[in-house]
Amino acid sequence: MHKLILISIERIGYIMREVVSKVKKVKDGFTTSKGQIIIVGGNEVGIKLAEGLIQSNQDIVIVEDDDTFRKQIEERVDVLALKGKGTDVSALKRAGIENSNLLVAVGDNDYENLLTGIYAKKLGLDNVVVQVKEEKNLDYKMQSKECGVSLVVNPFNRVVDRVKGLIRPGIELAIDGLLGKGVQISKFRISHQSSFAYSRIDKLSLPEDSLLVCILRKGRAILPRGRDKVYPGDIVFIISRRGFKGMIGSFINNSPDQKEKVVLVGGGEISYRVAKELSKSSIVTIIEEDKGRCEELAEELSNTLILEGRGIDVDLLKEEGVEKANAFIATTSSDESNILIAEVAKSLGVKNSIAVVNDISYTYLSDLLPVDNIISPSAIAVDTILDYFYQGQVEDNTLFDGQIKVFEVKNKIKKAKSIKGLNLPDNLTIVLIKRGSKSVIANGESRILSGDKLVIFSLLNKGEVKGYFE
């Protein structure tokens, strides 16, 4: 019997409770005040948000018009569930909007969410987050600048970005301004034949004036320390002087990147968008059951192979050579099918299998099933909103979908110290030291002086990072 069926309801419940218990610590900003948070929408996203915000020491009110949803809220989370709609100004006032720090509208109707956000702004609330699901309803410029919405979350776009990041990870160009003209960050995939495979970071033979600053392992970003090891399949990011990439590649014995092969199952919007963006430089195939949809995709995606068939058809997958695929993404309308299809693809030898699911609960099965990534639009929406809340609205660059934050911090410590002598935490790495017109790629022996500007990769927020250099 399939593993998915064998997993007990009790086990899933345990995993869900464990994940919910790992709530992020409250950071500086509006999260530390004594006001309250209003969540409009008692669906799964609203409930998960409430669970994630429950330790913020603020009162939480969920506004929901559906009696069944309100009963579910009361059973699952210790918050006030108020009957009403966000589009009803009187309901927002009953919820105590005048004493609130944040309103989040995550109902299933985009128009109601947007109108709720506009009303909240008109009622004087500074921090307003709105979920907008349909692409046609998005207008970031108007909604943020003209309507004043603090954050517009589109789960669909976030999923596409996450999938692209898993298939083709990289350091976003947004941080180039912090690095300066003479410095670059290059990425390299570690093969099992690489001299770096299974080596400790502090034993790597890197050229002078270069530093391994980050590892991406199965979609998870890691700030490595000297004792950590590099493994086959890792993608490593190395900061160096411009022009050093070829030299570093020869140290790693990394062969030139071949054209990626990507297979998508399901002809929906996610597959369409991923194929459209990757097909120019990758070999992309979409497998779709519906003949009419296949014809539509074939007309719109000239550089993509469209196959009519079922993603669970093992013979079809073998015929398509799925075992050679760099990535396999199942995006059909059935969560269970996506997980099963992704697991079958993994068993056939695909390097990176991804299942896209609607039900947040399924994302907790990632550690139990041989699927590389299970991602949910709803879970990504929740994470995005929690990141906004707990980061205290700090507008800084981030890497890998917000996993790592990038800051430039001025060192105010009077006495010169080596980086090794600072005893910095493992979740903080000094990448670059800027001293006047010079930029120094950091290592443990590098000395920092008062007034130096430091480019830092961290899992912490900016306020915490600054504390180590004051």
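- The two atoms that bring Thr304 and Val284 nearest to each other are CG2-O, 3.4 Å, heavy atoms only.
- The two atoms that bring Val357 and Pro377 nearest to each other are O-CD, 3.0 Å, heavy atoms only.
- One finds a salt bridge joining Glu51 and Lys48 here, because a Lys/Arg side-chain nitrogen approaches an Asp/Glu carboxylate oxygen to under 4.0 Å.
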Does the pair Asn373 and Asn352 meet the rule for a side-chain hydrogen bond (donor to acceptor under 3.5 Å, both in side chains), with working shown? CA-CA 8 Å; Asn373 294 278; Asn352 189 358; 3.3 Å; yes

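- How far CZ of Arg189 is from OG of Ser194: 12.5 Å, rounded to the nearest 0.5 Å.
- For the pair Asp359 (side chain) and Asp335 (backbone), a donor-acceptor distance under 3.5 Å is absent.
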Could you go step by step and tell me if Leu125 and Ser100 meet the side-chain contact (heavy atoms from CB on, under 4.5 Å) rule? CA-CA 7 Å; Leu125 191 59; Ser100 299; 4.2 Å; yes

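- With respect to the salt-bridge test (charged N to carboxylate O, under 4.0 angstrom), the residues Lys261 and Glu320 qualify.
- Closest of all the heavy-atom pairs between Ser353 and Pro370 is OG-O, 4.2 Å.
- Annotation: the span from Glu135 atom CD to Asn154 atom CG amounts to 5.5 Å, rounded to 0.5 Å.
- Smallest separation of non-hydrogen atoms from Ser376 and Ile360: OG-CG1, 3.9 Å.
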Test side-chain contact (heavy atoms from CB on, under 4.5 Å) on Phe328 and Val265 and set out the steps. CA-CA 8 Å; Phe328 181 98; Val265 175; 3.3 Å; yes

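- In this structure, Ile287 and Leu264 have side chains that are not in contact, with every pair of non-hydrogen atoms separated by 4.5 Å or more.
- One finds the CG atom of Asp228 at 7.5 Å from the CD1 atom of Ile222 (value rounded to the nearest 0.5 Å).
- Between the side chain of Ser458 and the backbone N or O of Lys405, no donor-acceptor pair lies under 3.5 Å.
- Under a cut-off of 6.0 angstrom, the local environment of NZ in Lys276 is sparse, with at most 12 non-hydrogen atoms contributed by other residues, nucleotides or ligands.
- Taking CD1 of Ile456 as the reference point, atom OH of Tyr468 lies at 11.0 Å (rounded to 0.5 Å).
- Residue Gln131 comes nearest to Val106 through the heavy atom pair NE2-O, 3.5 Å, listed as atom of the first residue, atom of the second, then distance.
- Tested against Ile270 for a side-chain contact (heavy atoms from CB on, under 4.5 Å), the candidates Ile375, Thr331, Asn157 yield a single pass: Thr331.
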Passes side-chain contact (heavy atoms from CB on, under 4.5 Å), Thr429 versus Arg225? Steps please. CA-CA 9 Å; Thr429 298; Arg225 319 315 294 179; 3.0 Å; yes

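- With respect to Val129, the side-chain contact (heavy atoms from CB on, under 4.5 Å) criterion is satisfied by exactly one of Asn113, Val104, Leu49, Thr384: Val104.
- Summarising the local packing, CD of Glu323 is surrounded by more than 12 heavy atoms from other residues, nucleotides or ligands at distances under 6.0 Å.
- Looking at Lys346, its side chain does come within 3.5 Å of a backbone N or O of Lys351 through a donor-acceptor pair.
- Contact record, Ala275 with Leu301: CB-CD1, 3.9 Å, taken as the closest heavy-atom pair.
- Listed by first and then second residue, the salt bridge (Lys or Arg N to Asp or Glu O under 4.0 Å) pairs that reach into residues 191-214 are Arg200-Asp202, Asp209-Arg241, sequence neighbours excluded.
- Side chain of Asn338 to backbone of Ala355: no donor-acceptor contact under 3.5 angstrom is found.
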For residues 436-446, please give each side-chain donor-acceptor pair under 3.5 Å, one per line with the distance, not counting sequence neighbours.
unit_1	atom_1	unit_2	atom_2	d
Asn443	OD1	Glu445	N	2.8
Asn443	OD1	Ser446	N	3.1
Asn443	OD1	Ser446	OG	3.4
Glu445	OE2	Lys420	NZ	2.5
Ser446	OG	Asn443	N	3.0
Ser446	OG	Asn443	O	3.3

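- In terms of modelled atom types and a separation under 3.5 Å, the side chain of Gln58 and the main chain of Leu53 share no donor-acceptor contact.
- Here the straight-line distance linking atom CG of Asp234 with atom OH of Tyr198 works out to 10.0 Å at 0.5 Å rounding.
- Note that CD of Glu288 is 9.5 Å distant from CD of Glu296, once rounded to the nearest 0.5 Å.
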Could you walk me through whether Asp426 and Arg227 satisfy the salt bridge (charged side-chain N to carboxylate O under 4.0 Å, His left out) test, starting with their C-alpha distance in whole Å, then the side-chain angles of each, then the deciding distance to 0.1 Å, before giving a yes or no? CA-CA 11 Å; Asp426 287 349; Arg227 61 183 177 273; 2.8 Å; yes

Show your reasoning for whether side-chain contact (heavy atoms from CB on, under 4.5 Å) applies to Val262 and Ile283. CA-CA 6 Å; Val262 179; Ile283 301 170; over 6 Å; no

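- Among residue pairs with one or both ends in residues 447-460, those qualifying as salt bridge (Lys or Arg N to Asp or Glu O under 4.0 Å) are Arg435-Asp452; sequence neighbours excluded.
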